[in-house]
Amino acid sequence: MAFPSKEFGAQEYDTDEQIRAFADSKGFPGILMKLGKVKGEQAPEVWRYMKDQAGASDPTWNFNGKFLVSKTGQVCVPRNVDRDIETLMNE
């Protein structure tokens, strides 16, 4: 899932349609949420849930907010994304 937000230097496109077009041009295979907040109580419920389960704080920059979910539903903040994904896939 991707959660586009303009909370990080307003670097995101202005509309959901522009964001979708960019994601499609890059071959993004996941679920793209609507443009919104990822900090505080205005963040989507699923984002807040993952953040709470992982014991994470609000992201300080747009690529700092990453979560991985195991096959058993455990949520974590990756330390090494590639290695952590491989570990989870082999569980």
Side-chain angles (χ1 to χ4, degrees):
M1 282 187 224
F3 294 81
S5 176
K6 293 184 81 67
E7 293 176 290
F8 306 101
Q11 294 182 348
E12 191 60 80
Y13 288 102
D14 291 326
T15 68
D16 290 323
E17 293 77 17
Q18 290 171 319
I19 295 166
R20 166 56 64 199
F22 177 77
D24 288 347
S25 76
K26 299 297 181 186
F28 177 69
I31 297 168
L32 187 59
M33 305 301 278
K34 290 184 180 247
L35 180 62
K37 307 271 186 197
V38 294
K39 294 181 179 182
E41 292 301 312
Q42 293 180 330
E45 186 174 349
V46 67
W47 176 271
R48 292 192 323 264
Y49 174 82
M50 290 188 293
K51 187 180 89 165
D52 292 345
Q53 291 297 305
S57 56
D58 284 334
T60 57
W61 197 245
N62 53 346
F63 290 104
N64 289 5
K66 293 183 177 84
F67 302 103
L68 295 176
V69 182
S70 74
K71 295 174 186 177
T72 61
Q74 296 295 113
V75 181
C76 69
V77 175
R79 304 285 181 244
N80 178 309
V81 175
D82 292 335
R83 184 189 70 225
D84 293 347
I85 288 173
E86 186 173 332
T87 298
L88 290 175
M89 295 295 290
N90 291 321
E91 281 187 344

Subject >> Atom of M1, atom of F28 and distance for their closest heavy-atom approach >> reply: C-CZ, 4.3 Å

**OP:** Assign the ring pair F22 / Y13 to parallel, tilted or perpendicular, where the plane angle (0 to 90°) is split at 30° and 60°.
**Re:** tilted

Original post:
W61 and F67: same hydrophobic cluster, using ILVMFWY side-chain contacts below 4.5 Å?
Top reply: yes

Subject >> G36 to E7 - nearest heavy-atom pair and separation >> reply: O-OE1, 4.3 Å

Subject >> Same apolar cluster (I L V M F W Y, side chains within < 4.5 Å links), V38/V46 >> reply: yes

Original post:
Judged by atom type as modelled, is there a donor-acceptor pair below 3.5 Å linking the side chain of E12 to the main-chain atoms of I19?
Top reply: no

Original post:
If you draw a 6.0 Å radius around NZ in K34, do more than 12 non-hydrogen atoms from other residues or ligands fall strictly inside?
Top reply: no

**OP:** State plainly whether the residues K51 and D58 are in salt-bridge range, i.e. N to O under 4.0 Å.
**Re:** yes

Original post:
Taking all non-hydrogen atoms of both residues, which atom of W47 and which atom of G65 are closest, and how far apart?
Top reply: CH2-O, 3.6 Å

Original post:
Is R20 paired with D24 through a side-chain N to carboxylate O contact shorter than 4.0 Å?
Top reply: yes

**OP:** Check side chain to side chain contact (heavy atoms under 4.5 Å, CB included) between Q42 and all other residues, then give those that pass, not counting sequence neighbours.
**Re:** K37

**OP:** Look up atom OG in S5 and atom CD in Q11, then write down how far apart they are to the nearest 0.5 Å.
**Re:** 11.0 Å

Subject >> Backbone N/O of D84 and side chain of R79: donor-acceptor pair under 3.5 Å >> reply: no

Original post:
Is Q74 reaching over with its side chain to a backbone N or O of S70, donor-acceptor style, under 3.5 angstrom?
Top reply: no

**OP:** Indicate if I31 and F3 have the same hydrophobic cluster label, given that clusters are the connected sets of ILVMFWY residues with side-chain heavy-atom separations under 4.5 angstrom.
**Re:** yes

**OP:** Step through the shown structure and confirm whether more than 12 heavy atoms of other residues, nucleotides or ligands are within 6.0 Å of CD on E91.
**Re:** yes

Original post:
Roughly how far, to the nearest 0.5 Å, is CG of N80 from CD1 of I85?
Top reply: 9.5 Å

Subject >> Taking every non-hydrogen atom, the tightest pair across V75 and M50 >> reply: CG1-O, 3.4 Å

Subject >> Backbone of L35 reached by a side-chain donor or acceptor of D16 within 3.5 Å >> reply: yes

